[in-house]
Each structure stands twice: as C-alpha cells, then as structure tokens.
Amino acid sequence: MHPLLQHINRQTELKEKDFDVFINIFKTGDYTKNHLLIRPNQKIEHQYFVLNGCLRTYLIDSSGKEHTMQFAVENWWVSDYLAYYKKDSSIFFVECMEDCRLMRVRKSDLEEIFQSIPVIESYFRLQLENAFAAFQKRILSSLNLTAQERYSQFIKIYPDIEKRVKNYQIASYLGITPESLSRLRKKRISKNQD
C-alpha cells in the first residue's frame with residue numbers, strides 16, 4: 001500500500017479508486033541533502049509529504065540566531081504554513097537534512113479535489129487540527145516544562161532524530177544551548193544505565 005494512503009487511512013477511510021485520482025495531483029521529486037526547499041520571501045503554493053528523508057523548518061532572527069520550528073520525517077507534511085494558508089511571503093527556511101524523496105501538491109489542486117472527494121478534505125482538516133494542537137502543546141511545554149522534560153517529550157516525538165540532525169539544531173528546537181543538550185543527554189544515558 002502506498003505510504004500516503006496508509007497515512008490517510010489511519011485517520012479516515014479513502015477508497016483505492018479515489019486515491020488513484022488523488023495521487024495524480026502530486027509530483028514526486030528527489031532532493032539532495034542541504035537543498036533549501038523553501039526560503040524566506042517566496043510565494044508558497046505547495047505542501048510536501050515526506051516519503052523518505054528528514055527536513056527542518058527554521059527561521060533566522062535579526063541577530064542571526066537560528067530557531068528550529070519543526071523537523072519533518074517520513075509520513076509528515078511540511079511547508080511554510082503561514083505563507084501557504086495566508087498567501088503571504090514565506091518567513092521560514094525548509095532544508096533537507098539528508099537526501100529526501102518528497103511528494104508535493106499545489107493548494108489550488110487540493111481545493112479542487114476537496115469538491116470531488118470530500119474524504120480528502122476531512123483528512124486535511126484532521127491534519128490541521130492535529131498540527132494546531134501539537135503547536136499549542138509545544139508552546140505550553142516551552143512555558144511550563146523544564147529543559148529535561150522538553151527533551152524527554154522531544155525524544156518521544158522524534159525517536160531517531162538524534163542520528164539524523166546536528167546537535168545545535170536539536171538545541172535550537174528545544175530553546176537551549178548545545179552544551180545544555182549535552183548535559184541532558186548525559187543525564188538520560190546515566191539514568192537509563194541505572
């Protein structure tokens with residue numbers, strides 16, 4: 001079964017014949033490590049489904065500091081959603097952290113499919129609801145949890161990510177320094193050995 005159909009069918013039920021129509025609005029492409037899929041000040045018309053690989057969404061503030069907003073791994077969706085939904089220019093970078101195989105879909109094509117296959121619209125609504133809840137949970141954790149608790153949550157969400165991205169990028173996601181991340185890892189390792 002196609003990975004996207006499996007992903008859809010975890011939340012709703014899409015018939016194979018409808019999936020065959022749906023899949024035709026996608027373009028599949030291979031992107032090399034370090035490729036910038038999205039840069040600031042672009043018009044964003046696509047979102048991407050990750051078949052293989054790992055991507056990072058981040059921004060650079062006025063002092064030059066990077067802030068990682070999201071990692072996207074297999075079966076995740078990624079884009080600059082502020083620009084995508086609000087038709088503004090992008091503010092984020094979306095970078096391939098390793099070689100990636102992605103499926104991209106144009107917003108206008110999706111909106112047409114929503115009319116003919118309502119289950120697809122339901123799926124994307126559920127995706128949006130889940131993403132909104134996850135972002136709220138992330139904001140609350142940054143306000144209420146210790147760095148150790150945030151790191152523990154991060155490992156549950158992204159169990160194998162530490163092998164795929166750089167330490168400073170994880171630290172940036174957690175809002176801590178790379179040195180603090182190193183200390184948290186050492187504590188976790190010693191706790192797991194006890």
For this session: On the 0 to 90° scale, with breaks at 30° and 60°, tag the F93-Y58 ring pair as parallel, tilted or perpendicular.
Result: parallel
Exercise. Does a donor on one side chain sit under 3.5 Å from an acceptor on the other, for R150 and S141?
Worked result: no
Exercise. Is there a side-chain contact between F92 and Q42, using heavy atoms and a 4.5 Å cut-off?
Worked result: no
For this session: Can you see which heavy atom on V165 is nearest to which on Q169, and at what distance?
Result: CB-OE1, 3.5 Å
Problem set entry | Distance-only donor-acceptor check, side chains R185 and S182, under 3.5 Å | no
Exercise. Got T28 and R101 here, is their nearest side-chain heavy-atom distance under 4.5 Å?
Worked result: yes
Exercise. Under 30°, 30 to 60°, or over 60°: which ring-plane class applies to F49 and H7, parallel, tilted or perpendicular?
Worked result: perpendicular
Exercise. With under 30° as parallel and over 60° as perpendicular, where do the rings of F154 and Y173 fit, or are they tilted in between?
Worked result: tilted
For this session: Please name the pair of heavy atoms, one in N75 and one in R10, separated by the smallest distance, quoted to 0.1 Å.
Result: ND2-NH2, 4.4 Å
Exercise. Heavy atoms, side chains only, cut-off 4.5 Å: are E129 and R125 in contact?
Worked result: yes
For this session: Return the orientation label for the F22 and F124 ring planes: parallel under 30°, perpendicular over 60°, tilted otherwise.
Result: perpendicular
Exercise. Taking it one step at a time, do S79 and I38 satisfy side chain to side chain contact (heavy atoms under 4.5 Å, CB included)?
Worked result: CA-CA 8 Å; S79 190; I38 295 174; 4.0 Å; yes
Exercise. Any idea how Y84 and Y81 line up, ring-wise: parallel (<30°), tilted (30 to 60°), or perpendicular (>60°)?
Worked result: perpendicular
Exercise. Nearest heavy-atom pair of S89 and K43: which atoms, and what distance?
Worked result: OG-NZ, 3.9 Å
Problem set entry | Carboxylate-amine/guanidinium proximity below 4.0 Å for K156 and E149 | no
Problem set entry | Worked check of side chain to side chain contact (heavy atoms under 4.5 Å, CB included) between V21 and I117 | CA-CA 9 Å; V21 172; I117 309 173; 4.1 Å; yes
For this session: Take L55 and L102, measure what side chain to side chain contact (heavy atoms under 4.5 Å, CB included) needs, and give me the verdict at the end.
Result: CA-CA 10 Å; L55 299 96; L102 309 174; 3.8 Å; yes
Problem set entry | E98 with K163: basic N within carboxylate O range, under 4.0 Å | no
Problem set entry | Beyond-backbone contact of L5 with L14, side-chain heavy atoms, under 4.5 angstrom | yes
Exercise. Ion pair present between E45 and K107, side-chain N to carboxylate O less than 4.0 angstrom?
Worked result: no
